Amino acid sequence: MKRILILGSTGSIGVSTLDIIREFKDRFYLAGLTIDKNIDLLIKQIEEFHPESVAVRDRKKAAELRNIIGNKCNVLEGEEGILELSKSLDYDILLSSMVGFAGLAPTIEGIKRKKRIALANKETLVAAGELVTSLCENYGTEMLPVDSEHSAIFQCLVGEDKKNVDKLILTASGGPFLNKGKEELKSVTIADALNHPNWKMGSKITIDSATMMNKGLEVIEAYWLFKLPKERIEVVVHPQSIIHSMVAFRDGSIKAQISTPDMKLPILYALSYPERFDYKKVATNFSDIGTLSFQKPDTEKFECLKLAYDVMETGGTTPCILNAANEIAVNNFLEGKISFNKIPEFINYALDTIENHKSPDLETIYECNRITRECLNKKFN
Ligand code: MG
């Protein structure tokens, strides 16, 4: 029986993880949950799964929750509360699925305790890849990807010697604007951008998919997870999202991992690895799928993807700046304050304005994240 702590249990990945825990009650036990502020859904989760402790970042909502549930479970609050659960709750697997940079600190606590990290929060590796992966090495902590592309690559690499790998090929759906011209991107609406063709996800990652920043973040994530030279990590647009990614080997063979797009599969694998469990709820029928197609990504139209490749090359704190600037720009787009095509413009502005630091320690990364947010918030308001 594995004890699981979910960081971000009311988000899309959190909810899918609970589906898996519900399905495998004899294998997984829910030890704790953390959320931002959606206590209505959290109450339902507490009633069904009876976690020992929960943490709510929003203090007012935490107080409200205590009033409603009494002493049914221990309720912590604020960022410290989330950190405290990660630091001291008894668990085996940390499912890290908070949105954005906020996921970094509690994930590091799990790494230090040598717990398995099932990583859905890619921003952790984008902002602090060098530091986080060296912490994993030093503590001997295993980090398993939940992101579907990285889970696919991880699965293709099982049983393989890394020296035989030629390149990693990440697939990208291309998002809702794959077939729009660059000029048309100026006038797309929030609803258009939130309308992803294949995946149902939270709003931040859905906008990242529409700008293709998501794929850019994933290239950086892949670089840190699999430690292959940058020029050997490729992106190919594959609109059907049936092939989740591929590994090409030195002898010309290519392995692909394939299924109907459903995040429950990579989540289950990150929890069950190295075993595979019986699970029949996600069927893949090739006759129904029909055609799989591929094309080169257009980095002139999707500037965010190019920006991500650039910062991966530059290194230092530039990926952290890119990540923070992107979070702020996406929030502002979702609030209707800027148009869609301004997102890369603001990221560029932050990269041009804020100083890069080589081989940053954790303090420098936090400071860089803070300064970038401050700089852009000033520009927006
Ligand atoms: Mg992904």
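When a ligand or atom number is given, it counts from 1 through the structure's own listing order. Model, not experiment: these values are computed from the prediction.
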Check: P266 and D147 side chains under 4.5 Å, non-hydrogen atoms: no

With sequence neighbours excluded, residues passing ring pair (Phe, Tyr, Trp, His ring centres under 6.0 Å) with F49: none

Among L30, L94, I13, V54, find the residue that satisfies the side-chain contact (heavy atoms from CB on, under 4.5 Å) test when tested with I6. L30

Listed protein N/O/S atoms, distance to the Mg ion (ligand 1) under 2.8 Å: D147 OD1, E149 OE1, E218 OE2

Is any side-chain heavy atom of L119 closer than 4.5 Å to a side-chain heavy atom of V146? no

Which residues satisfy the ring pair (Phe, Tyr, Trp, His ring centres under 6.0 Å) test with Y29, sequence neighbours excluded? none

Could you list the residues that satisfy ring pair (Phe, Tyr, Trp, His ring centres under 6.0 Å) with F302, not counting sequence neighbours? none

